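Heads up, the thing below is written out as structure tokens.
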Amino acid sequence: MPEGPSAPWAQGGLDRAALLGWLQEDAPGRLENLWGWADGVRQRHVGDAVWLRGLVEISNHCARSCTYCGISASSPPVGRYRMAPEEILEAAEKAATYGFGTVVLQAGEDPGLTGPFVAEVVSSIKAKTGLAVTLSLGERPDEDLAAWRMAGADRYLLRFETSDLGLYGRIHPDMGGASDRLAQLCRMRGMGFEIGTGVMVGIPGQTWASLAEDLEIFRSLDVDMIGVGPYLESDGSPLAGGLGEALKKSAGAEQVPADETTTLKVLALARLVRPDANIPATTALATLDPAGGRPDALRRGANVVMPNLTPPRYRRLYRIYPGKADVHETADVSWASIEGQLETLGRTVGRGPGGRGAVDVGYGDRNWFKPQL
Ligand code: SAH
């Protein structure tokens with residue numbers, strides 16, 4: 001019974017207290033209800049199509065010192081790379097060949113990815129492939145963002161990571177000016193981007209109350225895309241050491257665990273508060289549970305998967321956390337089985353760009369074709 005009088009929002013909606021209650025729920029029968037509601041709302045609002053977005057990690061240079069991240073400026077030495085425009089274009093062309101409707105360009109906050117460089121890459125991808133282009137390049141000045149939008153970029157992903165500003169300050173040190181990711185998201189929406197955000201679940205120091213507030217923000221910002229994954233310790237990072245210990249101690253019994261069930265609860269609740277959002281089954285979840293992470297997420301509200309198209313020689317260097325599930329998965333290999341896997345879940349591969357509220361345009365649309373592999 002996905003909706004109806006017993007649905008969690010039927011009487012008075014999913015208010016703060018209800019969100020808090022569901023986040024801390026561990027009765028198996030009640031959780032089954034939550035999964036069923038989220039799956040039903042997903043089915044009703046965005047259908048059975050699963051959208052595939054080809055992920056290209058275009059640079060692991062980073063000027064920031066985020067205390068959770070394995071490629072931050074202060075992380076233990078890691079071989080740095082920045083893909084050449086031709087390499088990025090080649091990866092985007094792969095996405096088109098595989099029939100994916102979107103390519104996602106992600107990187108550290110890399111000043112070497114200048115405004116004009118990215119604008120040029122975006123316009124050549126648009127000209128050569130017609131794919132939807134999503135950018136995830138961190139905090140950037142409006143001037144760059146506007147130029148990228150003008151060049152044809154469709155969407156931008158920028159997680160606010162946690163709504164607890166005190167905690168945010170500990171995990172994401174400022175570089176001069178204050179970091180205000182929510183403000184950047186609002187400005188990007190004004191520029192015409194579809195906006196995506198999200199959080200990590202189980203950050204040391206993260207409390208249940210702040211996680212409920214994160215969900216309220218998804219709802220009130222009316223975001224188009226929501227990514228949630230478990231926090232994973234990156235060895236050698238401050239958050240995996242003394243800083244993390246101290247933050248956990250300060251949260252005490254209110255500390256949110258960085259586990260699969262809690263992540264799935266956040267994902268399911270995200271679907272309930274934002275019924276037509278695009279929600280990925282994240283790589284971080286698949287890292288925690290290689291066999292079950294993605295299918296479980298797809299059964300509890302998710303409708304997007306992001307196969308990694310970064311050339312393998314770079315992929316192993318984009319080590320934001322260890323053991324990243326997609327380091328050994330290549331889209332070429334996974335593709336053959338993904339359609340079958342989705343079928344077993346009663347789902348289909350979405351064709352077309354798959355923007356907010358998209359319906360599957362089907363194989364008949366002249367711009368989209370069934371991949372020949
Ligand atoms: N530089 C870009 C992209 C960062 S990587 C930006 O800052 O937006 C994309 C996401 O990976 C981050 O937003 C963060 O939520 C997640 N991530 C980074 N390190 C992680 C870790 N150790 N565990 C889990 N998720 C992590």
Side-chain angles (χ1 to χ4, degrees), residues 53 55-76 78 80 82 104-113 118 134-140 144-145 155-163 167-168 170-175 179-182 184-185 188 193 195-206 211 214 223 225-241 243-244 247 256-260 262-263 266-267 270 280 282-289 293 306 308 310 315 317-326:
R53 326 284 205 204
L55 174 67
V56 190
E57 295 149 336
I58 64 174
S59 163
N60 73 347
H61 287 269
C62 193
R64 290 249 171 209
S65 288
C66 301
T67 56
Y68 48 88
C69 183
I71 61 165
S72 88
S74 329
S75 66
V78 53
R80 300 283 174 177
R82 182 178 304 119
V104 181
L105 307 184
Q106 191 182 81
E109 253 171 63
D110 175 9
L113 292 173
V118 175
T134 303
L135 298 176
S136 177
L137 305 175
E139 291 161 60
R140 301 286 304 215
D144 290 346
L145 299 167
R155 313 183 187 127
Y156 204 100
L157 300 176
L158 186 72
R159 292 187 180 179
F160 62 82
E161 316 292 3
T162 171
S163 56
L167 177 59
Y168 183 71
R170 306 301 297 276
I171 65 167
H172 190 94
D174 283 344
M175 299 196 312
S179 156
D180 190 342
R181 291 188 159 211
L182 293 179
Q184 179 176 326
L185 285 163
M188 291 190 296
F193 282 103
I195 54 166
T197 193
V199 296
M200 289 181 284
V201 175
I203 307 167
Q206 185 180 47
L211 203 48
D214 298 348
V223 290
M225 303 168 280
I226 302 170
V228 284
Y231 160 72
L232 298 164
E233 278 193 352
S234 194
D235 29 288
S237 67
L239 210 55
L243 174 64
L247 288 169
V256 170
D259 63 17
E260 186 173 3
T262 312
T263 306
V266 178
L267 191 148
T282 55
T283 305
L285 195 58
T287 301
L288 211 54
D289 176 2
M306 295 167 68
N308 196 324
T310 312
R315 199 182 299 183
L317 299 174
Y318 196 83
R319 200 170 174 276
I320 51 180
Y321 48 77
K324 208 155 149 278
D326 56 18

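The first residue of the sequence shown is numbered 1, and numbering continues consecutively from there. These numbers were taken from a predicted model, which means no experiment stands behind them. When a ligand or atom number is given, it counts from 1 through the structure's own listing order.
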Return the option from [options] holding the heavy atom at the smallest distance from [atom].
atom	options	answer
atom 17 (N) of ligand 1	K324, H172, M200	M200
atom 21 (C) of ligand 1	T287, D110, I171, L232	L232
atom 3 (C) of ligand 1	A107, G138, G108	A107

Nearest heavy atoms of [X] and [Y], plus distance in Å:
X	Y	value
R159	G227	NE-O, 3.5 Å
A258	L288	O-CD2, 3.9 Å
T283	Y321	C-OH, 3.6 Å
Y318	Q106	OH-OE1, 2.9 Å
V104	R53	CG2-CB, 3.7 Å

Applying a 4.0 Å heavy-atom criterion (strictly less than), which segment of [X] is in contact with ligand 1: side chain, backbone, both, or neither?
X	value
F160	neither
E161	side chain
S237	neither
C66	neither
E57	neither

At what distance is the nearest protein heavy atom to atom 11 (O) of ligand 1, and which residue and atom is it?
->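 It is I320 CD1, 3.6 Å.
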Which residue and non-hydrogen atom of the protein lie closest to atom 24 (C) of ligand 1, and at what distance in Å?
->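 Nearest protein contact, heavy atoms only, for atom 24 (C) of ligand 1 is P230 O, 3.3 Å.
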According to the interplanar angle, ranging from 0 to 90°, do the rings of Y68 and H172 count as parallel (below 30°), tilted (30 to 60°) or perpendicular (above 60°)?
->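 If you compare the ring of Y68 with that of H172, the planes turn out parallel.
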So for ligand 1, is [X] a polar contact partner (N or O within less than 3.5 Å, distance only)?
X	result
R181	yes
Q106	no
R159	yes

Is it true that R319 and D235 have a side-chain N and a carboxylate O under 4.0 angstrom from each other?
->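 The answer is yes: the pair qualifies as a salt bridge.
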Can you sort out the partners of T310 under side-chain hydrogen bond (donor to acceptor under 3.5 Å, both in side chains), two or more places apart, ordered by chain and number?
->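 With sequence neighbours excluded, T310 shows a side-chain hydrogen bond (donor to acceptor under 3.5 Å, both in side chains) to E57, N308, given in chain and number order.
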Which atoms from ligand 1 have a heavy atom of Y318 less than 4.0 Å away?
->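 Counting atoms of ligand 1 from 1, those under 4.0 Å from Y318 are 5 (S).
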